[in-house]
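Presented below is the structure to which this report refers.
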Protein chains: 2
Amino acid sequence: MQFDEERSGAARLTEPLNRLPLRDQAVGVLRDMVVTGALRGGERINEAELAARLGISRGPLREAIQRLGAEGFVEFRLNRGAFVRTMSPEQIRHLYEVRELIEVRAAELAAARASETGIGRLREMLQVTDELLSQGSDAAYPPELDLHELVLEMADNSELRRIGSDLQNQVKLARMTAGRAPDRARQALAEHREILSAITARDSRRANRAMRKHLRASFAQLFPLGAAETDLGARPSDAAR
Amino acid sequence: MQFDEERSGAARLTEPLNRLPLRDQAVGVLRDMVVTGALRGGERINEAELAARLGISRGPLREAIQRLGAEGFVEFRLNRGAFVRTMSPEQIRHLYEVRELIEVRAAELAAARASETGIGRLREMLQVTDELLSQGSDAAYPPELDLHELVLEMADNSELRRIGSDLQNQVKLARMTAGRAPDRARQALAEHREILSAITARDSRRANRAMRKHLRASFAQLFPLGAAETDLGARPSDAAR
DNA sequence: AGATAGCAAACTGTTGACAGATGAGTGCCA
DNA sequence: TGGCACTCATCTGTCAACAGTTTGCTATCT
């Protein structure tokens, strides 16, 4: 999100040819710490201690914390510093409402707009998905393969991608505060398969329905009851262009 | 966005009872400087000079710049610092695509969900709008009255509001880079009136259409040609709940 | 004259230290 | 024994200075 070279995954404190500013490395590490629970919801961030732990000084760390703040990972209290954000069930419901809006449209656009090379990448992922499905239920994607990020990219709209990635982060935070839920990996894979299949077939309507179904199931898993509260309707829209 | 007390408008470097951290005051000032053109697109931000101009040191200023970065107002280059972001015509098109998605839904939800007191506030704004319409064409809303923010608030979804406000900022940036366009104030007021009327009547379909029409006209003004490129369809959706 | 290597100024990235605020703990008083 | 004021350690907010990089300029060589 800041430099070309930055990747969203676990940024190590190593040194590439052009080592990134400590601030940017810290952003990556902090994001990971929040979504993995190394920093727990509601916990106060002790700057001096954390800086020492990362082996940097408070300056770059404070800059990183500001970024986390803008991304919704932490909140600030006057003269008390930063606290890891917790999301209320209502906020999580709101989040999934917006996520559905964004990602369903992304799936539609991906089906309508994806380039040939893009379709190729989707096919690869589809193949990986099928292999995982044929294997055991403890299957998991390799970490660099993320269906939602891929769909957002295929949609070919820089702003949609920016917002979508932001929401992906929020979802990770929501999963932390809501606590780990029962294993849904296998089910999710099957839903992914349907999404991928629809997009590679360039079928916007089917992509719409498949993504919507997937997201609602994902939400229902977080809150087994009351999932039907959001009634946004599943009407497909005409494809763009 | 960071503390309760922060307001989005022109934050002065004064001191309330609990004076905000310099960093937060700087965020407000910098946002204003970008959207008013005091800092021009593409311009490099000289930290030492700007800090001196604001009467603060580089520390808090750098933290503020990080926030601006996360908000999309500035971009970073390694060892070159921060530069005020410019948006390409394509990025602006993308922005308006997403804005339509978000704000049209917000208008629908506002019509469906707005509380009685919320409807009251909308009626007030409707009245102000009518007064302005009956006056000269140089009429303008008082700065604290923003239809789009109000609609986002009425939609009663914290995440939708967060994303929507973010997009509002992007739009301001887009207006700067696209340059001031011909006077559309009067036309915009009429469109606002239709939106307000629809929401206070709790008519989601009409609110949908009115907001969509308004946003497309707003986009067309920035790019008089090629506005029809985004063909997202104007189908109304069922109201939520 | 044009190109190139070296130098110096300017600026970012980073650090450590100071000042003010917060809140937990302590002792005093009713 | 319960409540309250005070004290003090801890931590955030802020600043000033140091270090490494980038870039424009100058001088030299071809």
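Chain naming here is simple, since letters A, B, ... match the order of the sequence lines and numbering starts at 1 in each.
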Sequence-distant partners of A/Arg121, salt bridge (Lys or Arg N to Asp or Glu O under 4.0 Å), two or more places apart: A/Glu153
Results of side chain to side chain contact (heavy atoms under 4.5 Å, CB included) for B/Arg123 - residues two or more places apart only: B/Ile119, B/Thr200
With sequence neighbours excluded, residues passing side chain to side chain contact (heavy atoms under 4.5 Å, CB included) with B/Glu124: none
All N/O contacts under 3.5 Å from nucleotides 15-21 of chain C to the protein, with atom names and distances to one decimal?
from   : atom 1 : to      : atom 2 : distance (Å)
C/dT15 : OP2    : A/Ser57 : N      : 2.9
C/dT15 : OP2    : A/Ser57 : OG     : 2.6
C/dT15 : O5'    : A/Ser57 : OG     : 3.3
C/dA21 : O3'    : A/Asn79 : ND2    : 3.1

Bend angle of the helix from C/dA1-D/dT30 to C/dA30-D/dT1, end axes from five pairs each (to 10°): 10°
OP1 or OP2 of C/dG13 under 4.0 Å from side-chain N/O of B/Arg62: yes
Closest nucleotide among C/dC11, D/dT12, D/dT14 to the A/Glu47 side chain: D/dT12
Residues forming a ring pair (Phe, Tyr, Trp, His ring centres under 6.0 Å) with B/His148, sequence neighbours excluded: B/His192, B/His214
Qualifying residues under salt bridge (Lys or Arg N to Asp or Glu O under 4.0 Å), relative to A/Glu103, sequence neighbours excluded: A/Arg99
Closest to side chain of B/Arg80, choosing from D/dT12, C/dT14, D/dT23: D/dT23
d(CZ, A/Arg77; P, D/dC11) in whole Å: 16 Å
Non-neighbouring partners of A/Glu47 that pass salt bridge (Lys or Arg N to Asp or Glu O under 4.0 Å), sequence neighbours left out: A/Arg58, A/Arg62
Side chain to side chain donor-acceptor pair (under 3.5 Å) involving B/Thr177 - partner list, sequence neighbours excluded: none
